[in-house]
Amino acid sequence: MNPTDIPLIETRDLKRHFTIRPGALARLLARAKNIVVSAVDGVSLKIWQGETVGLVGESGCGKTTLGRVISRLDIPTAGEIFFKGFSLREGLPSGGDKSTPIERLGFYRVAQVIFQNPYSSLNPRKTIREIIATPLINRGLKDLNEREETIIALLRRVGLHPRNLDQYPHQFSGGQRQRIGIARALAMQPQFIVADEPVSSLDVSIQAQVINLLEELQDEFHLTYLFIAHDLSLIHHISDRVAVMYLGRIAEEGATDDLYAQPLHPYTQALLAAIPSLDKAARRQRIILQGTVPSPINPPSGCRFHPRCFARVGSICENETPPFFEVGKQRVACWKYQ
Amino acid sequence: MKAIKILERVLTTIPIMFGVAIIVFFFIRLTPGDPVDIMLGRSAAASQREIEQLRHQFHLDEPLHVQLGYFLGDALRGNLGYSYIRNKPVVDLLVERLPATIEMTIGALLISLIIALPIGILSAVRQNSLLDRLSMAGAFLGISMPGFWLGIVLILFFAVYLQILPAQGRISYDVELQEVTGLYVLDSLLTGNLPALKDSLLHLLLPSITLGAGVAAIIARVLRSSMLEVLRSDYVKLARAKGATEWDVVMKHALRNALIPTVTVVGLQVGVLLGGNMIVETVFSWPGLGRLVVDAIFNRDFPLIQGAVMIYAITFVLTNLVVDILYTYLNPKITL
Amino acid sequence: MTNTPLLELKNLTTVFPTRRGLVRAVADVSLSLAQGELLGIVGESGCGKSVTMLSILRLISTPGRIAAGQALFQGRDLLKLSDGAMRQIRGKDIAMVFQDPLSTLNPAFPVGEQIRESLRIHHIAQNHFAREKERVIELMSEVGISSPTDRFHEYPHQFSGGMQQRALIAIALACEPKILLADEPTTSLDVTIQAQIMDLMRRINEARGTAIVLVTHNLDLAAEFCQRIAVMYAGRLVEIGTTDQVIETPQHPYTRGLLTCIPRISAQRTRIEPIPGNVPDLANVPPGCAFAERCSEMQPICQNDLIPFFEIAPGHLVRCLRHSSATPD
Amino acid sequence: ATPTPQVIEKVVEKPVEKIVEKTVVAERTVVVQPTAVPGRDTLVVALARAPSGIDPADHSSREAETVIRNLYDGLVTRDKTSGVHNEIAESIKWLDTKTLEIKLRKGVKFHDGSELKADDVIYTFERVFKPNAIEFPQPHTALRKGFLGPFGSAEKKDDYTVVVNFTAPWPAAMQMLVHTQIVSKAYVTKVGTKGLIEKPLGTGPFKFVSSKTGLEEVVLERFADYFGGAPDLTPVGKACVSRAVFRVIPENSTRVAALLAGEVDIITEVPAELVDTLKKVPGVQVKSVAGTRPIWMEFNVTQAPFTDVKVRQALNYAVDKNLIIKKVYNGLAQPLGGALMPTNNFADPSLKPYTYDKAKALALLKEAGWTPDASGMLMKDGKPLAFVIDTIDSLRPVTEAVATMLRDVGIDASVRVWEYNVVRPKLLARERQAYVGDWGDSAFDPVGHIEAKWHSLVTGSTYGRGNFSGYANARVDKLIKDGEIENDVAKRKVIYNEAQKLIYDEAPALFLVLPEAIEAAAARVQNWAPASDSRENLHDVCLK
Amino acid sequence: MTAHAPTRVARGWDYSFRIRLRLWWRALAELGYELWQRPVVLLGGIVVAAFILAAVFAAQITIHDPTRGTLLLRFEPPAWEAEGNWKYPLGTDDQGRDLLTRIIYGTRVSLAVGLLSVAISVIVGTALGAFAGYYRGWLDEILSRFADLLLAFPFLIFAIGVMAFLGPGFVNLVMALAFKGWVEFFRLVRGEVLGERTKEYVDGARVAGQSNLAIIVSEILPNVIQSVFVLGTLRLGYMIIMEASLSFLGLGIQPPTPAWGSMVASGRDYLLVAWWVSTFPGLAILLLVVAINIFGEGLRDILDPRLKIE
Ligand SMILES: Nc1ncnc2c1ncn2[C@@H]1O[C@H](COP(=O)(O)OP(=O)(O)OP(=O)(O)O)[C@@H](O)[C@H]1O
Ligand SMILES: Nc1ncnc2c1ncn2[C@@H]1O[C@H](COP(=O)(O)OP(=O)(O)OP(=O)(O)O)[C@@H](O)[C@H]1O
Ligand SMILES: [Mg+2]
Ligand SMILES: [Mg+2]
């Protein structure tokens with residue numbers, strides 16, 4: 001098989017539903033039913049080796065959940081994830097890609113996560129050395145000397161000084177912590193990294209440092225990123241391809257430049273129009289969407305965007321879920337492009 | 001929906017009460033000391049046959065689980081058995097004694113609230129002031145003071161030295177009071193009996209202070225710290241930004257929210273009050289449940305211990321139920 | 001711009017004594033706000049934007065205090081008013097919208113009640129309940145809260161973030177203030193909601209002529225919304241000017257850094273340029289220019305002497321020595 | 001001011017009469033004047049414990065006796081010491097050694113106005129004696145059965161004469177009859193035991209008014225038709241106070257405080273330590289009388305080391321009873337010279353209490369093989385002489401004092417406090433080593449007492465029911481049984497003297513002390529004195 | 001050493017241990033500094049330490065035997081009273097035993113009962129709470145229900161019941177207190193673990209390949225242990241009062257072993273003649289518990305970052 005034909009990561013109709021069970025009595029007396037939160041509701045996504053896929057969407061649309069399911073921190077309700085064509089449900093074939101896969105680590109040997117909150121993603125009771133040593137130990141790096149060297153090299157790579165090794169996370173600034181988190185992820189020598197809003201809690205002046213670092217590392221280690229953010233400018237900057245999520249589903253997907261130049265889905269259009277811009281010329285015609293993102297508990301029928309949509313094509317929007325339509329190189333889930 | 005939640009919360013108390021009954025049964029029944037021996041008293045000389053008869057009468061000759069069955073079945077029917085020592089149905093004894101205990105517990109709770117609320121609020125508002133420091137020092141003393149010791153000291157000072165408060169009992173014997181509920185203060189109010197009201201209040205004072213001191217201290221501290229937290233919050237800032245007066249800011253915006261954690265603590269403190277009853281009732285000769293149960297424990301009066309401990313546990317469970325419901329009303333966010 | 005500013009800050013300085021030392025959260029800030037003006041204050045987290053706003057309303061909590069300066073509102077120094085007089089101004093003349101709507105609404109009271117309180121405090125409807133309620137419902141629909149009669153009795157947690165922010169704005173607008181201090185009103189909201197809220201604020205400004213101070217760390221947002229922008233760094237203003245002046249001809253290295261460190265959507269993807277280093281600890285800000293150690297154009301003198309404002313164009317003030325040729329302000 | 005809690009110190013302004021005069025050392029005296037409520041005609045007595053019952057046939061505590069004593073009368077009664085006097089009985093005479101003829105006083109009225117007749121007396125006896133005669137709450141035999149001894153039957157000769165047949169001679173009858181109070185047949189058959197408990201009805205000086213919860217408080221009222229009580233015991237007539245209240249105050253300090261605060265008039269069980277203090281308080285009178293609860297430390301003679309009589313005797317020499325009396329009992333106690341308390345009518349005065357003689361104790365222990373090691377601990381075969389003394393809470397001070405004295409001679413004695421009800425079965429099962437306990441002897445006769453403590457245990461009978469030492473001596477057993485049926489006082493004395501001597505010599509117990517019963521009252525209480533059997537008789541008491 | 005020698009030499013176990021030690025030492029020094037800033041808390045700590053020292057070295061610092069006295073010396077008043085004697089600084093009790101000696105030895109009992117019962121509660125409660133909170137499911141369900149059940153009993157009533165069941169004595173007392181004491185720690189730890197397990201650092205550890213057990217023990221517990229420690233300190237004071245209360249009711253330690261509660265209890269009969277017998281042990285309880293509480297509260301302030309004003 002030609003390796004370029006096989007995506008590094010592929011999800012097929014991935015779903016993650018959270019069920020909230022009401023008490024027995026409420027069920028009995030008020031006929032209360034299970035509340036199902038369809039956080040991720042049928043996402044099919046392909047990520048190829050070496051690229052950065054940006055995932056944007058408003059708060060609560062399921063970005064984090066999708067990221068967690070893909071990084072196996074959460075179990076999908078339905079659907080499957082493939083790594084290089086192997087279903088993760090069966091587990092990675094031993095000896096598959098890495099020379100010594102450790103069964104317990106499984107997927108984490110090849111995929112890692114960079115978290116959103118630099119303040120809570122590092123254990124406050126552990127020194128930097130311990131934090132970075134953990135994946136190394138679990139990876140099987142037993143030799144102390146070698147481990148120490150590796151830790152120092154990693155730390156240097158992310159732009160921190162080794163003299164800080166024995167300090168605790170709270171002694172670092174947000175940007176520095178995020179670097180530590182990156183070093184921890186790199187320690188596993190992954191191929192794939194899910195980065196869930198890695199800069200959104202950083203000061204603007206620091207954001208750029210981290211983004212640049214991530215870009216450098218990608219080149220250096222041939223990393224593949226799933227980059228989650230709600231900042232459209234940032235996504236534009238960093239991604240090769242972009243997927244726009246709305247209420248648990250992907251609304252539109254395509255190469256970054258295409259998608260920004262010519263947003264197809266009305267939601268994408270509104271999103272892009274809502275970004276404030278310095279450049280008066282670049283300001284698009286303002287589209288102010290009405291209402292807020294509906295709750296994923298009882299998502300609207302048909303196209304999930306239809307209650308807020310300004311470009312409805314008819315009752316089909318309300319009744320039937322739009323499939324993906326290929327428009328040029330973009331894929332868009334909107335009946336308009338039927 | 002809220003009603004259902006409350007009902008649900010009410011229903012959860014049922015298995016707890018069953019569990020309480022079972023725990024009490026096993027603990028007490030496995031205790032060494034033969035109840036029949038005790039029933040027969042110090043000087044009686046019972047024959048073996050009589051002993052057997054008694055054992056049979058109280059099902060003491062059956063295996064434990066059968067005894068448990070009898071016990072639970074009877075308990076459901078409101079029959080907690082006979083007190084070996086006092087030769088009376090346990091339920092009657094409990095019903096006789098409960099009002100005194102409830103009265104003192106409520107008295108202590110009220111006193112502690114009367115002391116704690118203003119102190120908690122004021123010392124939070126005037127954080128680090130002399131008042132704050134003094135009351136928090138007092139609160140430390142209150143928490144650390146063993147109740148029995150405080151009671152003795154109070155009696156010596158107020159009853160013996162100053163002679164302004166009675167040292168013991170619930171009411172003076174020369175005060176006539178028609179009992180309605182068994183809560184003397186309430187009864188004297190109901191019957192419009194002012195002398196009895198004054199007398200019973202005076203009698204209630206020292207025991208309530210003794211019992212309530214520690215609780216007052218805890219409530220004051222909890223209230224203070226939650227007030228401090230709330231006073232730092234954004235919505236208090238907003239209230240100020242609206243131009244609200246300091247009184248409104250503190251008493252309305254802050255207090256309402258600070259009371260939420262406090263209420264839970266008050267609920268839990270009722271447990272402390274109920275436990276403390278045993279000691280305070282002993283010190284003040286208060287004819288309540290606490291003394292009854294202490295006596296019963298010393299005399300291995302199983303049915304009475306079972307009954308009394310269950311009543312305590314149930315009172316406590318019910319109080320917390322009430323507190324939880326109150327909590328829902330105070331905290332609109334919580335739906336139990 | 002009118003001649004007599006509605007609000008004028010003169011050398012406002014607010015400090016917090018902490019165990020690390022004295023934190024100068026706001027140092028020597030002078031600003032003016034005209035009737036109906038839209039002013040943006042931009043700066044990174046912790047640079048003192050919120051404290052400036054709170055100082056205007058005298059809501060600094062102990063042990064913090066306003067150490068120096070004046071805050072002239074229609075010529076009266078707010079900092080010298082009695083507590084009672086100050087309360088009259090809060091909410092009535094100057095209202096504030098806070099950063100985080102969820103923590104700013106009181107969780108224990110219905111939203112409608114909280115809006116009504118503003119009216120009641122300032123006797124807007126003669127403390128007449130029905131009239132007050134009517135007005136509240138009016139306000140709620142004005143800020144775009146749907147079915148206000150039902151939502152009058154709902155509690156904050158039953159509102160979505162955007163609705164909470166609207167409710168906060170309704171509270172602020174209740175007494176038709178002359179100045180609205182909006183402290184990052186959209187930071188915690190999504191872009192589409194942010195657009196809605198900004199639209200609402202713009203309409204308010206247009207309809208009522210309310211002057212708005214928009215505090216944000218999003219330069220783009222400020223640029224789109226405001227007429228004038230002030231850039232803050234480490235407790236001090238570093239650059240003030242009209243939006244065009246600041247955005248198109250930024251003069252302070254920090255302002256320029258801010259403009260280039262965030263990616264922009266444009267046809268050609270430019271590399272973003274991070275500002276090196278970190279924001280200084282406000283408890284020990286270096287004596288000279290606080291930005292000096294992150295500045296690529298730093299001169300030795302920058303680290304030692306406090307840099308004054310230089311007016312490089314009418315109304316465009318910059319605290320940077322590179323402009324020492326211009327006349328110091 | 002000194003930090004004593006005897007709070008106010010004032011120079012005494014006027015000399016105050018002391019009822020029981022003892023030397024008052026301090027010139028400055030504590031003045032805590034009980035506030036007298038003017039015109040009050042209610043007498044309040046504070047008891048230390050709630051009465052165990054209020055049915056004359058079915059109780060087992062002294063508090064119950066006290067309350068019942070004021071509600072009911074017996075055929076005979078006792079004075080403040082040990083003398084027995086006719087009360088309802090006009091005369092009592094032995095027809096033969098087993099038959100007693102009782103003539104009843106005429107015109108004795110129950111509280112409901114009916115007259116007391118022979119039927120009531122017979123009914124009372126049968127109610128006490130017959131198995132399962134008490135039907136409430138479950139049918140059971142009266143707890144007071146033992147006080148009727150070898151009761152056989154009672155017959156009515158006429159309305160005012162009852163003949164009681166015993167199955168054996170019963171010389172202790174008079175002292176024992178004091179403890180049986182007469183109930184009304186008509187009333188009890190009508191209301192049942194339950195009714196009797198709820199509203200007692202007797203012929204006593206006081207009528208029942210009300211009681212609270214668990215007899216925490218019992219209120220009585222003067223019975224206007226009272227026949228006057230025992231004619232030998234003045235005053236004869238109706239009760240002096242119009243109301244009497246018994247109230248339970250278990251805490252010693254609270255009880256004293258209540259007296260000082262003027263809330264109660266008489267308190268029982270005053271701790272001996274407080275006597276001196278209370279005596280200094282003007283307006284408080286303190287009185288004591290020889291008690292009826294002798295205290296021993298019983299050795300478990302079935303277990304080493306107490307199988308050895310020398311050890312037992314040695315321990316008797318090792319304890320300084322006089323020091324205990326002086327210090328723990330404030331002088332208000334007598335040393336015990338053996339099995340019977342000195343005030344028992346049959347106590348052998350020639351048996352002198354073991355003297356305190358450490359040297360003798362050590363010598364005896366040496367004979368028994370116990371020798372002190374370097375540290376002074378007594379050792380035998382490499383093992384120390386160590387044992388646990390069990391006791392009950394009220395006797396903890398004396399027990400600790402004994403333990404300390406024993407440790408002084410090199411015995412490793414420690415104390416364990418129990419509830420009586422819990423430790424009793426263990427004692428009877430001979431599971432414990434030594435026990436400091438008391439045993440009431442309120443009948444002043446060996447019967448009811450000596451067979452309980454020193455007769456070997458016969459299960460299912462009264463014999464040995466309180467024999468915690470496991471002492472079993474065939475001769476003593478026989479003597480005890482002989483004494484029970486010997487009507488001749490002189491011969492009885494001989495029998496009991498021999499038994500006492502045997503017990504004294506074999507020392508199954510460390511004979512300790514007989515504490516006095518101490519009570520205190522407000523000064524306005526008149527004509528009051530504690531009774532040695534602690535049956536507080538309020539009939540005589542007046543209020544100033 | 002050549003210029004090309006590796007900048008760092010091989011590090012063995014002892015190195016990481018040394019690092020740990022240094023970090024602990026630093027943390028301790030920091031704690032010490034924070035304490036130094038709070039004189040009242042420091043004083044509380046010193047008083048507690050003094051009591052602990054007194055308990056440990058009771059035999060060395062006293063000249064009398066705590067269980068031996070002579071009736072001849074019954075109720076000697078404190079030394080400063082008119083008839084006092086400096087040989088018995090706080091006077092003697094009803095058995096003529098030196099009160100100060102007994103109070104010092106009583107510290108042993110109180111502290112031992114308190115520390116042991118708290119220690120058992122902490123160990124049991126923390127272990128169960130951590131597992132229940134981490135794994136949830138039926139284990140959590142059962143334990144939580146059982147904890148709820150135990151919570152339905154007021155502490156003292158429960159302890160009295162257990163003491164009546166087990167009989168008095170040191171070990172039984174500790175068991176009785178711990179039998180209910182663990183519940184608080186269980187609930188605390190369970191709650192905290194529930195909160196911690198959703199934090200990103202736990203995911204971080206999982207992604208770094210940590211096993212569940214390793215996550216509980218080496219990632220989550222260190223974050224929880226501080227609140228456990230603070231609660232433990234405060235509970236210590238409570239347990240001491242409970243011990244005293246049970247001893248007061250006669251369900252505690254057996255004589256002649258000196259225990260504060262039973263000293264107050266037996267002394268209260270003598271209040272009017274010898275106030276000191278009951279008062280000083282009462283004061284000792286008060287002093288120790290106040291000190292513990294002040295210290296515990298102070299620790300909470302220091303350790304709980306939420307209360308720190310930055
Ligand atoms: N454990 C859970 N139980 C129930 N609902 C959940 C759970 N986790 C997430 N959800 C719900 O699933 C939806 C998607 O959440 P998710 O965190 O994935 O959104 P997001 O796009 O990452 O939002 P944000 O931009 O705020 O991070 C939300 O409505 C959220 O409330
Ligand atoms: N109560 C306080 N005590 C001590 N320091 C304080 C206090 N309040 C604010 N500060 C300090 O003042 C500085 C400015 O805070 P401010 O809240 O004004 O920042 P900001 O610019 O609004 O930041 P953000 O964008 O995060 O809201 C911060 O460094 C902060 O640490
Ligand atoms: Mg997210
Ligand atoms: Mg701010």
Side-chain angles (χ1 to χ4, degrees), chain B residues 1-2 5 121-133 223-264 325-336, chain C residues 50 53-54 56-64 83-111 113-124 153-158 164 167-168 171-172 174-175 177 180-181 183:
Chain B
M1 205 56 200
K2 211 164 192 172
K5 291 258 161 106
I121 295 170
L122 271 178
S123 51
V125 173
R126 305 246 171 283
Q127 194 193 358
N128 294 331
S129 66
L130 185 66
L131 173 92
D132 179 27
R133 281 164 202 275
L223 183 61
R224 172 178 179 270
S225 69
S226 51
M227 275 300 275
L228 280 179
E229 201 173 314
V230 166
L231 283 172
R232 272 199 289 267
S233 71
D234 283 350
Y235 51 81
V236 163
K237 236 175 223 162
L238 174 70
R240 292 212 173 98
K242 284 178 182 175
T245 57
E246 210 45 36
W247 173 266
D248 264 12
V249 169
V250 172
M251 298 308 286
K252 191 173 151 195
H253 289 268
L255 184 59
R256 177 76 191 269
N257 287 286
L259 278 181
I260 292 170
T262 314
V263 160
T264 337
I325 292 173
L326 192 70
Y327 187 78
T328 11
Y329 280 96
L330 272 179
N331 187 356
K333 242 191 274 183
I334 297 290
T335 40
L336 281 170
Chain C
S50 299
M53 296 299 106
L54 293 172
I56 294 171
L57 285 176
R58 279 175 43 193
L59 287 176
I60 301 296
S61 49
T62 47
D83 286 351
M86 191 62 218
R87 271 202 296 276
Q88 291 298 311
I89 290 189
R90 286 185 199 143
K92 181 132 197 311
D93 294 312
I94 307 178
M96 185 157 172
V97 178
F98 289 85
Q99 194 161 353
D100 178 7
L102 181 60
S103 69
T104 310
L105 286 168
N106 192 330
F109 298 99
V111 172
E113 191 52 44
Q114 296 188 48
I115 303 175
R116 195 175 71 84
E117 197 190 8
S118 296
L119 299 173
R120 203 175 41 76
I121 290 171
H122 298 289
H123 314 289
I124 298 297
H153 297 289
E154 280 182 16
Y155 286 89
H157 71 274
Q158 292 165 294
Q164 288 171 350
L168 273 181
I171 291 176
C175 305
L180 187 64
L181 306 176
D183 187 0

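Chain naming here is simple, since letters A, B, ... match the order of the sequence lines and numbering starts at 1 in each. Atom set for the values below is all heavy atoms of this structure, side chains included, hydrogens, waters and symmetry mates excluded.
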### Side chain, backbone, both or neither of C/L181 within contact of chain B (heavy atoms, under 4.5 Å)
neither
### Query
Atom OH in B/Y235, atom CG in C/D100: separation rounded to 0.5 Å?
12.5 Å
### Task
For chain B, find which of C/N106, C/I121, C/I171 contributes the most heavy-atom pairs closer than 4.5 angstrom.
C/N106
## Note on the structure
Residues at least two apart in sequence or cross-chain that pass side chain to side chain donor-acceptor pair (under 3.5 Å) with B/S226, listed by chain then number, are none
### Query
Contact part of C/Q88 toward chain B, heavy-atom cut-off under 4.5 Å: side chain, backbone, both or neither?
neither
### Task
Examine whether an atom of C/R58 lies under 4.5 Å from a heavy atom of chain B, and if so say whether it belongs to the side chain, the backbone or both; otherwise answer neither.
neither
### Pairs involving residues 236-257 of chain B, ordered by first then second residue, that meet ring pair (Phe, Tyr, Trp, His ring centres under 6.0 Å) (sequence neighbours left out)
B/H253-C/F109
### Query
What residue pairs, at least two apart or across chains, pass salt bridge (Lys or Arg N to Asp or Glu O under 4.0 Å) with a residue in residues 85-96 of chain C?
C/D93-C/K178
### Query
What residues of residues 236-245 of chain B sit under 4.5 Å from chain C when only non-hydrogen atoms are counted?
B/K237, B/L238, B/R240, B/A241, B/K242, B/G243, B/A244, B/T245
### Query
Which answer fits C/I89, side chain, backbone, both or neither, if we ask what part of it has an atom under 4.5 Å from a heavy atom of chain B?
neither
### Task
Could you look at C/A95 and say if it's the side chain, the backbone, both or neither that has a heavy atom under 4.5 Å from chain B?
neither
### Query
Using non-hydrogen atoms only, which part of B/N128 is less than 4.5 Å away from chain C: side chain, backbone, both, or neither?
neither
